[in-house]
2 protein chains.
Amino acid sequence: MSAASTPSPPSRPGPPSPPGPRSAATTGRGRPPKLDQVRTVEVALALLDDVGLDGLTMRRLAEAMDVRAGALYRYFATKHELLTAMAEVLLADCLDRPLRSPDWSERLAELARRMRTALLARRDGARVYAGTHAVGGHTLGFADALIGVLREAGFAAEDAGRAAFTVTHFTLGHTLEEQAARQGAEPGPVDPERLRAAVTPGQYPHLAAALPVLTSTDFTAQFEFGLGLLLQGLRALAPGTTPVESGNTPPESGG
Amino acid sequence: MSAASTPSPPSRPGPPSPPGPRSAATTGRGRPPKLDQVRTVEVALALLDDVGLDGLTMRRLAEAMDVRAGALYRYFATKHELLTAMAEVLLADCLDRPLRSPDWSERLAELARRMRTALLARRDGARVYAGTHAVGGHTLGFADALIGVLREAGFAAEDAGRAAFTVTHFTLGHTLEEQAARQGAEPGPVDPERLRAAVTPGQYPHLAAALPVLTSTDFTAQFEFGLGLLLQGLRALAPGTTPVESGNTPPESGG
DNA sequence: ACCTGAACACCGTTCAAGT
DNA sequence: ACCTGAACACCGTTCAAGT
């Protein structure tokens with residue numbers, strides 16, 4: 001809602017693509033198109049929630065939009081391009097409200113939590129995100145915010161970039177596993193059952209000892225633990241860490 | 001090679017599966033089968049390197065084994081089950097040599113590095129691993145080793161389990177992105193080019209400042225940075241950290 | 001016991017032709 | 001300009017029938 005920018009420019013640069021459909025009427029002549037990029041992505045995301053990534057086909061999406069499958073290819077050159085547009089929208093709400101905490105590590109944590117929440121909000125969201133490389137406004141804006149928090153904390157651009165990668169990769173890996181565990185991993189029976197059966201205490205003593213936490217469904221606690229480790233490591237690495245009191249104004253007050 | 005254990009027991013427990021093919025001759029009567037689980041997984045991994053995960057179909061695998069596609073279903077109930085067996089073999093070499101370092105955090109790092117190396121060793125290895133939930137000997141053994149290192153360092157089983165998850169999720173997320181970046185993300189042009197084009201310094205000042213590291217191809221440095229953050233966080237959390245000297249014997253010398 | 005042949009119910013993608 | 005109809009070249013999976 002509100003002032004969310006469109007996920008990608010309407011006219012694609014590549015020569016093999018058709019003229020360039022906008023999100024609404026193009027010329028004003030003739031009847032309005034039944035399809036457009038924005039609505040197609042919306043319907044695709046709704047369908048994703050219904051049938052999952054493996055069930056999301058161009059034919060089913062076309063049916064949901066009351067159109068033949070071939071018509072979709074006027075707006076997305078490939079299914080992968082559609083998935084990329086979907087991934088872009090997944091992150092749409094991550095920056096819709098300000099980061100209030102004065103503590104940079106808390107602001108960083110908040111961004112990571114928002115990313116996890118955004119991916120969890122739709123069925124197979126993490127898989128969609130992992131399978132694409134969106135470079136739209138939401139994705140780039142999120143990455144910019146992540147690096148921005150770190151640079152304002154005094155990190156050099158290089159370390160800030162690396163740390164942002166680390167946080168993103170951990171969040172993606174965690175959410176991928178969480179989402180797989182939450183819905184029984186596509187086919188077959190539930191995971192903890194198989195794990196319990198496979199872990200023979202004699203062969204895997206440490207695994208057996210940790211079995212309660214390994215089969216726990218408190219994924220938030222798991223995520224916070226990992227995030228805490230990363231933040232702890234970052235704090236130890238942070239430049240100019242005056243141990244306590246003050247130290248709130250960023251070194252560059254440019255932005 | 002050597003004494004690598006078979007990835008999974010030959011007879012499957014589920015009632016809807018056929019009798020139970022072993023890896024070689026079953027009765028000794030009749031001509032030997034053209035297929036078996038172990039060889040099928042080997043050929044599938046070789047085919048994966050050739051054609052990638054998206055090109056790996058049951059029909060192509062069957063062709064590579066000089067058999068019709070239907071025959072594969074005597075050994076694997078679904079394609080997903082085959083992929084799970086492949087994922088299991090991916091980690092086969094992770095524990096084939098001892099962890100020599102006396103420093104627990106270095107042993108943990110070594111395990112994470114071996115996991116990354118194992119996933120990178122085959123095309124789309126990280127995607128195969130992420131898409132499955134193997135519970136075979138190699139996967140469980142690796143998890144047991146990870147938790148074991150942490151418990152020997154004095155961590156309680158619960159924290160050890162959570163930390164093992166964190167390391168695994170980071171490694172998976174990183175390797176997924178690394179492997180995607182290494183081969184131009186399936187279709188389309190290379191990523192850094194699109195990223196450079198999309199990052200307008202005015203809109204994304206922090207992204208622009210970090211662009212060199214974001215488009216760097218030194219993935220090992222990136223991985224080591226993230227791993228270092230995690231280890232730093234773990235060291236700060238480690239119980240009974242006698243700063244230097246001795247402290248090598250695990251709290252329980254049972255196993 | 002193990003595999004073939006043939007089918008079922010789908011896929012993503014292309015493109016002439018209609019309107 | 002936008003969509004349909006119809007096809008192309010595939011998929012995963014099942015299962016009677018052969019040997």
Side-chain angles (χ1 to χ4, degrees), chain A residues 10-12 14 16-37 39-40 43-44 47 51-84 86 131 186-188, chain B residues 10-12 14 16-37 39-40 44 47 51-84 86 131-132 186-188:
Chain A
S11 63
R12 284 187 263 117
S17 45
R22 268 104 224 285
S23 61
T26 311
T27 55
R29 289 248 257 123
R31 50 192 170 347
K34 297 169 74 172
L35 255 39
D36 67 90
Q37 282 190 99
R39 214 178 74 83
T40 303
V43 175
L47 186 58
V51 300
L53 182 56
D54 294 335
L56 180 70
T57 68
M58 296 299 267
R59 288 171 132 97
R60 282 217 247 207
L61 175 58
E63 192 182 21
M65 304 203 71
D66 201 43
V67 110
R68 307 291 154 161
L72 295 170
Y73 289 84
R74 182 164 295 272
Y75 300 91
F76 301 95
T78 62
K79 183 182 183 180
H80 188 263
E81 202 170 279
L82 168 67
L83 289 168
T84 301
M86 290 167 68
E186 306 309 328
Chain B
S11 63
R12 282 187 266 116
S17 46
R22 269 104 224 285
S23 62
T26 312
T27 56
R29 290 248 256 122
R31 47 191 172 348
K34 297 170 73 172
L35 255 39
D36 66 90
Q37 282 190 96
R39 213 179 75 83
T40 303
L47 186 58
V51 300
L53 181 56
D54 294 335
L56 179 70
T57 68
M58 296 300 267
R59 288 170 133 96
R60 281 216 249 207
L61 174 58
E63 191 182 21
M65 304 203 69
D66 200 42
V67 110
R68 305 292 155 160
L72 295 170
Y73 288 85
R74 180 165 298 272
Y75 300 91
F76 301 95
T78 61
K79 183 182 183 180
H80 188 263
E81 203 170 278
L82 168 68
L83 289 168
T84 301
M86 292 168 67
T132 57
E186 307 308 331

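Numbered from 1 within each chain, the chains take letters A, B, ... in sequence-line order.
Expressed to the nearest 0.5 Å, how far CG of B/Leu83 lies from CZ of B/Phe76 amounts to 10.0 Å. Atoms CG and CE, on A/Leu53 and A/Met86 in that order, are 7.5 Å from each other to the nearest 0.5 Å. Interatomic distance, OG1 of A/Thr78 versus CG of A/Leu72, reported as 11.5 Å (0.5 Å rounding). Note that the CG atom of B/Leu82 and the NZ atom of B/Lys79 stand 8.5 Å from one another [nearest 0.5 Å].
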Please determine whether side chain to side chain contact (heavy atoms under 4.5 Å, CB included) holds for the pair A/Gln37 and A/Thr40, giving the CA-CA distance in whole Å, both sets of side-chain angles, and the decisive distance to 0.1 Å.
CA-CA 5 Å; A/Gln37 282 190 99; A/Thr40 303; 5.8 Å; no

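Here the separation of C/dC10 from D/dA9, taken at their P atoms, is 22 Å to the nearest Å.
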Applying the Watson-Crick and G-U criteria (both distances under 3.5 angstrom) with [ ] for crossing and | for other-strand pairs, one obtains for DNA chain D ||.|||||...|||||.||

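Following rounding to the nearest Å, B/Phe76 (CZ) and C/dC2 (C1') show an atom-to-atom distance of 15 Å. Per the geometry, CG belonging to B/Leu35 stands 10 Å off P belonging to C/dC2, to the nearest Å.
The phosphate of C/dC3 (OP1 or OP2) has a side-chain N or O of B/Tyr75 nearer than 4.0 angstrom.
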With sugar-phosphate taken as primed atoms, P, OP1 and OP2 and all else as base, the protein-contact string of nucleotides 5-19 of chain D at under 4.0 Å (heavy atoms; B, S, -) is S-B---BBBB-----

Name the atoms and distances for all side-chain donor-acceptor pairs under 3.5 Å in residues 55-66 of chain A, with sequence neighbours left out.
| from | atom 1 | to | atom 2 | distance (Å) |
| --- | --- | --- | --- | --- |
| A/Thr57 | OG1 | A/Arg60 | N | 3.0 |
| A/Arg60 | NE | A/Gly55 | O | 3.1 |

